[in-house]
Protein chains: 2
Amino acid sequence: MAEDKRRSACLYHEMSPFIPDIPVGNTQMNTPNPLTLTTEVPEVVIQRLPLYVRVLTQFAQMGMGVVSSEQLGELLQMTPAQIRKDLSYFGRFGKQGRGYNVKHLSDELRRILGLDFSWNTAIVGMGRLGRAVASYPGFEREQFRIVAAFDANPDLTGMRVGDVVVQPMSELTATVRSKDVRIGIVTVPAAMAQQVINALAAAGVKAILNYAPYSSQAPAGVKVLGIDPVLALQSMTYYLKKQMVSSPVPR
Amino acid sequence: MAEDKRRSACLYHEMSPFIPDIPVGNTQMNTPNPLTLTTEVPEVVIQRLPLYVRVLTQFAQMGMGVVSSEQLGELLQMTPAQIRKDLSYFGRFGKQGRGYNVKHLSDELRRILGLDFSWNTAIVGMGRLGRAVASYPGFEREQFRIVAAFDANPDLTGMRVGDVVVQPMSELTATVRSKDVRIGIVTVPAAMAQQVINALAAAGVKAILNYAPYSSQAPAGVKVLGIDPVLALQSMTYYLKKQMVSSPVPR
DNA sequence: ACAAGTGTGTGCTTTGTATCACAATCGGAA
DNA sequence: TTCCGATTGTGATACAAAGCACACACTTGT
């Protein structure tokens with residue numbers, strides 16, 4: 001039977017400290033050379049996993065015990081085949097004829113993504129945007145703990161935002177290390193963004209969420225992801241404009 | 001010479017009311033059947049155009065008159081070839097041996113995207129998140145005008161947020177039509193998101209920015225784009241976790 | 001116990017996107 | 001004016017992702 005395409009599943013299991021004891025016989029670790037056979041999981045797939053987690057949560061709230069890839073696909077607007085293929089990168093989570101156990105798959109995906117414990121984050125830039133982001137409950141709800149906040153403006157030092165007190169930039173490196181901050185959130189003006197990103201990277205932060213409307217240079221080994229609602233709107237207007245031309249009367 | 005691959009450039013020029021008078025001889029409109037030859041511009045390309053606009057603005061602020069695709073590529077972390085190819089979907093904006101005129105290219109891209117005039121938007125959900133989004137200056141700065149705000153909670157009706165006054169949901173349809181709202185911003189709780197999206201769509205809105213952490217079903221003909229910083233963080237943790245396993249001592 | 005039905009996992013095909021490589025073109029220097 | 005270095009625009013190519021289709025596994029009902 002099929003015993004060749006264990007590709008990235010192997011890679012993954014190697015990274016993972018605990019292998020799930022799914023009743024599936026073929027966990028043969030016959031990987032010839034784990035360093036050469038680096039068949040990575042595509043980044044797009046990784047980016048879709050949180051989506052799967054989210055809809056699984058929705059299904060769980062609806063009281064459903066099992067879901068099929070077709071049901072998932074309908075909610076996510078994608079083909080069942082793609083979902084199955086994505087999941088197959090990490091193992092065999094479904095049962096033929098039944099589908100996927102909602103709770104089990106959700107837990108597995110959370111574990112794969114590293115969402116089974118909480119991550120310490122620091123936010124830099126305590127202006128209007130920064131305060132809004134810091135007080136947004138969505139992060140804490142998903143186990144992202146904001147454990148520190150910084151701002152260059154000395155007037156803001158000492159101000160309480162949520163559970164933390166604003167610190168001056170000079171304390172960034174020390175605090176990041178002492179509080180084991182792994183994720184940085186940048187909410188400073190565009191002109192300051194790059195230098196803040198560099199400072200965070202220098203302090204050892206490896207993942208940064210950048211709210212500044214600025215195309216940043218990611219320091220080596222650091223993942224910087226931009227969040228910019230304006231960029232999103234700006235690409236939608238292209239399609240809006242096209243529609244207007246085809247039907248000039250707006251309604 | 002090359003006179004076959006005018007593909008989507010033709011399509012685009014057809015949509016566009018004003019054709020730029022770039023000194024380029026071959027604007028031959030020999031498209032056989034504009035309806036059959038629908039070689040669309042890839043969506044990924046459209047999504048990158050705002051990025052180009054943004055860095056061009058940066059270059060302009062730096063006082064640069066012309067840029068090469070290589071310079072753009074360095075700032076955007078992508079290959080020069082890709083930038084050139086993306087731009088070639090819409091026309092010939094550069095000059096061999098020189099590069100692109102920053103101001104000219106920026107203006108052209110803005111026009112292509114429909115950013116040469118302002119767009120009316122309405123925001124639904126005036127909770128903490130909604131108020132933060134409504135008062136974020138980034139939208140107005142890029143010509144997205146928030147002309148209406150709605151909330152289901154009657155206590156909020158009449159409250160002033162930025163330049164607008166919060167209205168009840170019952171007035172949504174009428175206001176969207178009378179104020180020519182083309183874009184909707186959804187900042188309601190996840191459980192309410194779908195019904196708000198449907199209401200906006202029914203009122204004629206064709207583009208929606210959804211801040212709710214919920215995988216929505218886009219009504220036919222409507223583009224719904226989700227903004228969720230948590231999803232972004234959740235995919236980054238995958239890589240953070242991998243790094244931790246390879247170097248167990250965090251620093 | 002077996003047959004019918006359902007839905008997974010995955011090899012193969014198709015589609016789509018990024019990259020390469022080079023001819024065509026431009027501006028400036030000699 | 002002509003040559004030279006630079007950089008575009010784009011066909012061709014390589015790569016990656018999505019979708020298809022089916023064997024196989026599991027469940028349920030009889």
Side-chain angles (χ1 to χ4, degrees), chain A residues 1-10 22-27 38-49 52 64-74 76-102 104-105 108, chain B residues 1-10 22-27 38-49 52 64-74 76-102 104-105 108:
Chain A
M1 55 185 68
E3 59 186 7
D4 37 17
K5 268 286 182 58
R6 277 270 54 83
R7 311 182 309 167
S8 32
C10 279
I22 303 166
V24 122
N26 68 344
T27 316
T38 307
T39 317
E40 291 278 358
V41 180
E43 186 158 346
V44 256
V45 174
I46 301 299
Q47 284 168 353
R48 278 194 291 263
L49 296 187
Y52 298 159
M64 297 188 61
V66 288
V67 278
S68 66
S69 57
E70 182 148 349
Q71 292 172 302
L72 289 169
E74 195 175 340
L76 286 163
Q77 313 263 55
M78 54 201 296
T79 65
Q82 181 162 40
I83 294 171
R84 294 201 300 271
K85 183 150 252 186
D86 283 357
L87 297 178
S88 78
Y89 279 106
F90 304 98
R92 300 153 150 257
F93 306 110
K95 283 208 175 69
Q96 280 95 334
R98 290 291 284 166
Y100 301 90
N101 179 304
V102 174
H104 177 243
L105 181 56
E108 286 296 314
Chain B
M1 56 185 68
E3 58 186 9
D4 37 16
K5 269 285 183 59
R6 277 269 53 82
R7 313 180 308 167
S8 33
C10 278
I22 303 167
V24 122
N26 68 343
T27 316
T38 307
T39 318
E40 292 277 355
V41 180
E43 186 158 346
V44 255
V45 174
I46 302 298
Q47 284 168 352
R48 279 194 291 263
L49 295 188
Y52 299 159
M64 296 187 63
V66 289
V67 277
S68 65
S69 58
E70 183 149 351
Q71 292 172 301
L72 288 169
E74 196 175 340
L76 286 164
Q77 313 263 57
M78 54 202 293
T79 65
Q82 182 163 41
I83 294 171
R84 295 202 299 273
K85 180 143 255 190
D86 283 358
L87 297 178
S88 78
Y89 279 106
F90 304 97
R92 302 153 148 256
F93 306 110
K95 283 208 175 65
Q96 281 95 333
R98 293 290 286 167
Y100 300 90
N101 179 304
V102 173
H104 177 244
L105 181 55
E108 285 297 315

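Letters go in sequence order (proteins before strands), and every chain restarts at 1. On a predicted model such as this, the values are computed, not experimentally measured, just so you know.
- Under the side chain to side chain contact (heavy atoms under 4.5 Å, CB included) criterion, B:E70 pairs with B:S68, B:P80, not counting sequence neighbours.
- Put simply, CG on A:L105 is 11 Å from P on C:dT8, counting in whole angstrom units.
- Residues passing the side chain to side chain contact (heavy atoms under 4.5 Å, CB included) test with B:Q77, sequence neighbours excluded: A:Q217, A:A218.
- Remark on DNA chain D: of its neighbouring residues A:P42 and B:V67, the 5'-side contact belongs to B:V67, judged by nearest-heavy-atom nucleotide.
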Please list, for nucleotides 20-22 of chain D, all pairs of protein and nucleotide N/O atoms separated by less than 3.5 Å.
residue	atom	partner	partner atom	Å
D:dA21	N6	A:R84	NH2	3.2

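- Within 4.0 Å of A:V45, counting heavy atoms only, lies no atom of the nucleic acid at all.
- For A:E43, the salt bridge (Lys or Arg N to Asp or Glu O under 4.0 Å) criterion is met by A:K223, not counting sequence neighbours.
- For A:Y100 and C:dG9, the shortest distance from a side-chain N or O to OP1 or OP2 is below 4.0 Å.
- In this structure, the CD1 atom of B:I83 is 16 Å from the P atom of D:dT10, given to the nearest Å.
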Any protein N or O atoms within reach of nucleotides 27-30 of chain D? Criterion: under 3.5 Å, listing atom names and distances.
residue	atom	partner	partner atom	Å
D:dT28	OP1	A:R98	NH1	3.4

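- Under the salt bridge (Lys or Arg N to Asp or Glu O under 4.0 Å) criterion, A:R84 pairs with no residue at all, not counting sequence neighbours.
- Per the geometry, CD belonging to A:Q47 stands 11 Å off P belonging to D:dA17, to the nearest Å.
- Of the candidate nucleotides C:dT10, D:dG9, C:dA18, C:dA18 has the atom lying nearest to any side-chain atom of B:Q82.
- Atom pair A:D86:CG and D:dA18:C1' shows a separation of 10 Å (rounding to whole Å applied).
- The side chain of B:S69 contributes an N or O atom lying less than 4.0 Å from OP1 or OP2 of D:dT8.
- Here the P atom of nucleotide C:dA18 and the CG atom of B:L76 are 13 Å apart, to the nearest Å.
- In terms of phosphate contacts, A:R92 brings no side-chain nitrogen or oxygen within less than 4.0 Å of OP1 or OP2 of D:dA25.
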